[in-house]
Amino acid sequence: MNTRTLALAAICLLFAALPSFMSSYWTDVLNNIGLYVVLALSLNLILGHAGLFHMGHAAFYAVGAYTTAILNTQFGMPVLYSMPLAGLLAGFFAMVVARPIIHLRGDYLLIVTIGIVEIVRIALVNDVFGLTGGANGIFGISRPTVFGFRLRKPEHFFYLIWGFATVTIFLMHRLENSRFGRALNYIKEDDVAAEGSGIDTAYYKLVAFVLGAFWAGMTGTLFAAKMTIISPESFSFWESVVLFTIVILGGMGSIRGVLVGAFLIIGLPELFRDLAMWRMLVFGAAMVLMMIFRTQGLIPPPPRKYDVVAYLKEAVGGAR
Amino acid sequence: MEEFFQQLTNGLAVGGIYALIALGYTMVYGVLKLINFAHGDLFTIGAFLGLTLLTTLGLSDHLGALAGVIALALMVMILVGLIGFLLERTAYRPLRTSPRLSAVVSALGASIFFQNAVMLIWGARPLVYPHSILPRTAVSLFGMEVPVVRIIMFATSVVLMLGLYYLTHKTKTGTAIRAAAIDQDAAKLMGIDVNRVIALVFCIGPALGGAAGVMVGLYYGQISFTMGWLYGLKAFTAAILGGIGNIPGAMLGGLLLGVIEALGAAYISIAWKDAISFLVLILILIVRPTGLLGERVANKV
């Protein structure tokens, strides 16, 4: 074990000990940050790696959360059991809606995804299929149990949420360096060239989109479990904007950047609660200034050195 | 039939508003290839500025209803045009050569900034326009009763749109705008000051949006600091429907969307009214991304 691994392990241990000397309020803030870390990482796969301007991520988050809420309150399914189903349903929904639009150019895709998240929100408010409870949402979602232990307090959720976040970070890291991840990056750099060298760009984009949505759907389960009440308000377009901003300000395609972004954007405003009136104003201005002075985000991903020939051989050989 | 005609006139009145806002999107997109997300909030600012001017200056008392409203609209147009000009200078011009996404994020930031500025200045609660300014009577048209307000709304939008059409197609400035929209570099070589053209576009678009804000205030009575978002998105839908970057297209798209929405609300469901607009948006982008009148590059890659 080298010193870097040791330092990382020490930081992780310290972080895991945080709830024991923090108030419940701040632990809850950390839990929120954890949820946003996972969500932003799942969006990062679509926006940061595949370069798809997707501003409707809240829609898939909503599908996941509502799946859990409905399965739990209507059919009595334990909350955590519904997690894979929530992910699958969100992923399936993403596949259906993304299929016809995935080829659209940058900001056209952006505007369509905004349309999708709004339609989902309106559908939830209108109590579609009589399952979503309309504008009031669904309440009375039961607390999750892990090995017979009932999670009630923020301290309990801390380990569930950050455990999931750790798994997500690890998987995203592996994915980034996989052939799939590199193909996505190549598509982001130049999708005409990628298509030309035999990469099925539409297929890869769609897979990235569905995978990101799947992950957001599973996070929806955690959100429903933590809140026990969900309503359409939690999944508005602004939720998507916040996620989008985390990825962009942190650094597109950079896991560390997304982590920092989530802490800054979700955590920092909590420090200035008294100035709540002003914080969104400052937030907006900061977005503009950030783009002018640091376009790449706070922590841009390290430049990748490709052996282009070897890469192309691999990509062409492995393309479907 | 009566119902249909009523909804049609309502749709045309509201569609005129969409068209006016859509013009701002389409002009900016035409020249800069940028979705100006803050445009909807400039529209909101127009509505709020209008209310403040109306109540503090008492325009309609001094000048009478019609002249008062016209003076009000002109003042708001100038002020909002100025804000648009400043917006371009601070948030967009430094990003002219950056990746497209940076400008999009900057536009979102500006939108959040404006929306919260309106909330801090005028408060978070919806405000109400005095409802006695425009006549609340109805005239009969083809044997149907049509509220005068709708006719005034529709007529105002048409006058403003014709004015813009004249400006862009019959004057030298308009030729410069159209040239810059086709190819900025070539326009520069022809001696056109592209920076000035862009600044001008950022004055005219917001000015029309501001006028639309006043019209919404006068038509519906109630305004709120968040309304720019929904109107903005619908106006953008209208711009795409007509073919983005195309000025007559935005006018057609706006009126069409207004009518589709009004009929949809009447015959399908009022609760799904907004969803219908977004569905139109998605369908148009899938089926015909260049819009109805758009003939410029179908860049679908």
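It should be emphasised that the depicted structure is a prediction, and the values quoted were computed from it without experimental measurement. Chain letters run A, B, ... following the sequence lines, proteins first and then strands; every chain starts at 1.
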*Around A:R256, counting heavy atoms of other residues, nucleotides and ligands shown, do more than 12 lie under 6.0 Å from its CZ?*
no
*Non-hydrogen atoms of chain A under 4.5 Å away: do they reach the side chain of B:W272, the backbone, both or neither?*
both
*Check the surroundings of atom CZ in B:R96: do more than 12 heavy atoms from other residues, nucleotides or ligands lie under 6.0 Å from it?*
yes
*Where do A:L281 and B:A117 come nearest, in terms of heavy atoms and distance?*
CD1-N, 3.4 Å
*Which heavy atom in A:V288 sits nearest to a heavy atom in B:G109, and how many Å separate them?*
CG2-C, 3.9 Å
_ring pair (Phe, Tyr, Trp, His ring centres under 6.0 Å) involving A:F209 - partner list, sequence neighbours excluded_ = A:H54, A:F60
*4.5 Å side-chain heavy-atom contact, A:I111 and B:L285*: yes
*Relative to the ring of A:Y108, is the ring of B:Y29 parallel (under 30°), tilted (30 to 60°) or perpendicular (over 60°)?*
perpendicular
_A:E233 atom CD, over 12 foreign heavy atoms within 6.0 Å_ = no
*asked:* My understanding is that only residues two or more places apart in sequence, or in another chain, count here; which of them pass side-chain hydrogen bond (donor to acceptor under 3.5 Å, both in side chains) with B:N116?
replied: none
*Let me know if B:L279 has heavy atoms under 4.5 Å from chain A in its side chain, its backbone, both or neither.*
both
*Against chain A, label B:T90 side chain, backbone, both or neither, depending on which of its atoms sit under 4.5 Å from a heavy atom there.*
backbone
*asked:* Let's test your reading of the structure: which of B:A103, B:P99, B:A275 forms the most heavy-atom pairs below 4.5 Å with chain A?
replied: B:A275
*Residue B:V104 versus chain A: region with a heavy atom under 4.5 Å*: side chain
*Heavy-atom distance under 4.5 Å to chain A: side chain of B:F37, backbone, both or neither?*
side chain
*Contact part of A:A202 toward chain B, heavy-atom cut-off under 4.5 Å: side chain, backbone, both or neither?*
neither
*With respect to chain A, which residue among B:L281, B:L230, B:L120, B:L34 yields the maximal number of heavy-atom pairs within a distance under 4.5 Å?*
B:L120
*Kindly give the heavy-atom pair with the smallest separation between B:A271 and A:I122, and that separation in Å.*
O-CG2, 3.8 Å
_If I take atom CG from residue A:L289 and atom CZ from residue B:F113, how far apart are they, to the nearest 0.5 angstrom?_
9.5 Å
*Would you mind checking which part of A:I292 comes under 4.5 Å of any heavy atom in chain B, side chain (CB onward), backbone (N, CA, C, O), both or neither?*
both
*By a 4.5 Å heavy-atom criterion (distance strictly below it), what part of B:F114 contacts chain A: side chain, backbone, both, or neither?*
neither
*Is the shortest heavy-atom distance from the side chain of A:W238 to the side chain of B:I112 under 4.5 Å?*
yes
*Checking heavy atoms, do the side chain of A:M290, its backbone, both or neither come under 4.5 Å from chain B?*
neither
*For A:P100 against B:I286, the heavy-atom pair lying closest together*: CB-CD1, 3.8 Å
*asked:* Is B:L108 in contact with chain A via its backbone, its side chain, both, or neither, using a 4.5 Å heavy-atom distance?
replied: both
_Working to the nearest 0.5 angstrom, can you tell me the gap between B:M119 CE and A:M280 CE?_
9.0 Å
_Atom pair CZ/OG of A:R294 and B:S102 - distance to nearest 0.5 Å_ = 13.0 Å
*Neighbour count above 12 (heavy atom, 6.0 Å) for A:F263 CZ*: yes
*Sort out for me which of B:L101, B:I276, B:L233, B:D274 touches chain A most, counting heavy-atom pairs under 4.5 Å.*
B:L101
*Value rounded to 0.5 Å, distance of CG in A:L110 from CD1 in B:I35*: 5.5 Å
*asked:* Just verifying a value: how many Å separate A:I114 CD1 and B:W229 CH2, rounded to the nearest 0.5 Å?
replied: 5.0 Å
*Are there more than 12 heavy atoms of other residues, nucleotides or ligands under 6.0 Å from atom CZ of A:F129?*
no
_Within a 6.0 Å radius of atom CG on A:L271, are there more than 12 heavy atoms belonging to other residues, nucleotides or ligands?_
yes
